[in-house]
There are 2 protein chains.
Amino acid sequence: MKVKHYVDVPGCPVEVTLDLIDGRWKGVVLFHLLDAGCLRFNALHRRLPGITQRLLTKQLRELEEAGLVSRTVYAEVPPRVEYRVTEEGESLRSIFDALARWGEMRLARHRAAKPKPAGC
Amino acid sequence: MKVKHYVDVPGCPVEVTLDLIDGRWKGVVLFHLLDAGCLRFNALHRRLPGITQRLLTKQLRELEEAGLVSRTVYAEVPPRVEYRVTEEGESLRSIFDALARWGEMRLARHRAAKPKPAGC
DNA sequence: GTATTAAGTTCCCGAAAGGGAACCGTAATG
DNA sequence: CATTACGGTTCCCTTTCGGGAACTTAATAC
């Protein structure tokens with residue numbers, strides 16, 4: 001989600017899709033939301049070892065802006081914010097399944113001099 | 001293809017796959033190689049308006065290192081170098097098809113205040 | 001002897017992404 | 001009064017990505 005420099009090079013449909021899930025984290029965030037259905041900020045954070053709050057916020061905002069994730073704030077204290085995939089985000093599920101299957105095959109294929117494939 | 005910082009966070013299979021095709025160009029390069037079967041450097045270059053030689057070289061080397069693309073050099077002058085997808089790269093075809101289909105659906109859905117979806 | 005060609009490489013730069021650490025506001029809890 | 005909890009924000013820094021332009025190499029054609 002960037003529309004970066006290619007304002008004049010709108011790009012093929014493949015680019016359109018990849019743009020939405022590229023970067024270090026967006027794919028994984030979506031994967032977890034698809035998996036869990038609905039997650040609060042810290043619950044998601046716990047599933048993503050290594051990401052900082054700053055980045056997680058950023059990714060979620062971008063996914064929200066792209067229309068793939070919805071953000072619901074409950075006026076409580078302490079705050080409660082729930083994230084879930086939108087209908088359009090849900091439509092990515094089969095793609096993520098395909099990506100995951102392919103990744104598993106690749107890990108299996110290259111199971112030599114590779115670290116262990118830890119949980120997601 | 002980076003193995004970046006996550007030497008100790010091997011990542012889920014989704015990450016494995018996305019890592020191989022992320023960035024501004026890798027996806028498109030693979031797309032064209034899958035489309036054409038075999039392309040010489042400059043032929044590929046012509047299909048990618050905007051990329052510089054430097055970057056195209058870089059992307060191809062990374063794809064080659066990842067085992068998705070093969071590079072055949074013919075000892076001629078002027079040089080001839082042919083790129084084609086490997087068997088493993090070929091196995092990504094269905095994923096690219098899925099990405100393209102989803103991207104088209106998205107473009108169709110968001111056909112408002114959007115530039116025209118030009119050819120890839 | 002000059003130009004051309006294919007497939008790069010080198011250098012150098014600016015922009016963007018990624019990341020660490022501290023800080024914030026409110027309410028309940030001890 | 002201090003602490004905890006949640007969901008962030010701010011500041012600042014480093015790394016990576018993307019890109020422009022010039023240079024290279026060796027054979028062949030003019």
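Given the structure is predicted, the values throughout are model-derived calculations rather than measurements. So that the names make sense, note that chain A is the first sequence line, chain B the second, and so on, each numbered from 1.
- Summarising the geometry, the separation between CG on A:L48 and C1' on C:dG18 is reported as 15 Å, rounded to the nearest angstrom.
- A salt bridge between A:E62 and A:K58 is present, with a side-chain N of the basic residue lying under 4.0 Å from a carboxylate O of the acidic one.
- Straight-line distance from the CD atom of A:E15 to the P atom of D:dG18: 11 Å, rounded to whole Å.
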Donor-acceptor pairs are to be reported for all side-chain atoms of residues 35-42 of chain B against protein atoms at under 3.5 Å, with residues two or more places apart or in another chain.
{"residue": "B:D35", "atom": "OD2", "partner": "B:R47", "partner atom": "NH1", "Å": "3.2"}
{"residue": "B:R40", "atom": "NH2", "partner": "B:P79", "partner atom": "O", "Å": "3.4"}

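- Scanning for salt bridge (charged side-chain N to carboxylate O under 4.0 Å, His left out) contacts around A:R101 gives an empty result, with sequence neighbours left out.
- Note: CG (A:D19) to P (C:dA16) measures 14 Å, nearest angstrom.
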Let me check something: any side-chain donor-acceptor pairs from residues 50-57 of chain B under 3.5 Å, sequence neighbours excluded? List them with distances.
{"residue": "B:T52", "atom": "OG1", "partner": "B:L55", "partner atom": "N", "Å": "3.2"}
{"residue": "B:T57", "atom": "OG1", "partner": "B:Q53", "partner atom": "O", "Å": "2.8"}

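- For C:dG8, the OP1/OP2 oxygens have a side-chain nitrogen or oxygen of B:R71 closer than 4.0 Å.
- Taking the C1' atoms of five terminal pairs at each end of the helix from C:dG1-D:dC30 to C:dG30-D:dC1, the two resulting helix axes are inclined by 20°, rounded to 10°.
- Checking the phosphate oxygens (OP1, OP2) of D:dT9, a side-chain nitrogen or oxygen of A:R61 falls inside 4.0 Å.
- Taking only side-chain nitrogens and oxygens, B:Y83 never comes nearer than 4.0 Å to OP1 or OP2 of C:dA6.
- Among residues two or more places apart in sequence or in another chain, the side-chain contact (heavy atoms from CB on, under 4.5 Å) test is passed with A:E87 by none.
- For B:R46, the side-chain hydrogen bond (donor to acceptor under 3.5 Å, both in side chains) criterion is met by no residue, not counting sequence neighbours.
- By the 4.0 Å N-to-carboxylate-O rule, B:E82 lies too far from B:R71 to be salt-bridged with it.
- Here A:R93 pairs with A:L34, A:E90, A:D97 under the side-chain contact (heavy atoms from CB on, under 4.5 Å) rule; sequence neighbours left out.
- Protein atom CG of B:L55 is 13 Å distant from nucleotide atom C1' of C:dC13, rounded to whole Å.
- Atom CG in B:L60 sits roughly 14 Å away from atom P in D:dG18 (whole-Å rounding).
- Residue B:D22 contributes atom CG, which lies 11 Å from atom C1' of D:dT16 at whole-angstrom precision.
- Closest contact between the side chain of B:F41 and the listed nucleotides C:dG18, C:dA7, D:dG18 involves C:dA7.
- For C:dA17, neither phosphate oxygen OP1 nor OP2 lies less than 4.0 angstrom from any side-chain nitrogen or oxygen of A:W25.
- Note: CG (B:L44) to C1' (C:dA6) measures 14 Å, nearest angstrom.
- Residues forming a side-chain contact (heavy atoms from CB on, under 4.5 Å) with A:S94 (at least two apart in sequence, or on another chain): none.
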>> At under 4.0 Å between heavy atoms, how does the protein contact nucleotides 20-30 of chain D? Give one character per nucleotide, 5' to 3', with B, S or -.
In response: B-----BB---
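- Residue B:L39 contributes atom CG, which lies 14 Å from atom C1' of C:dA7 at whole-angstrom precision.
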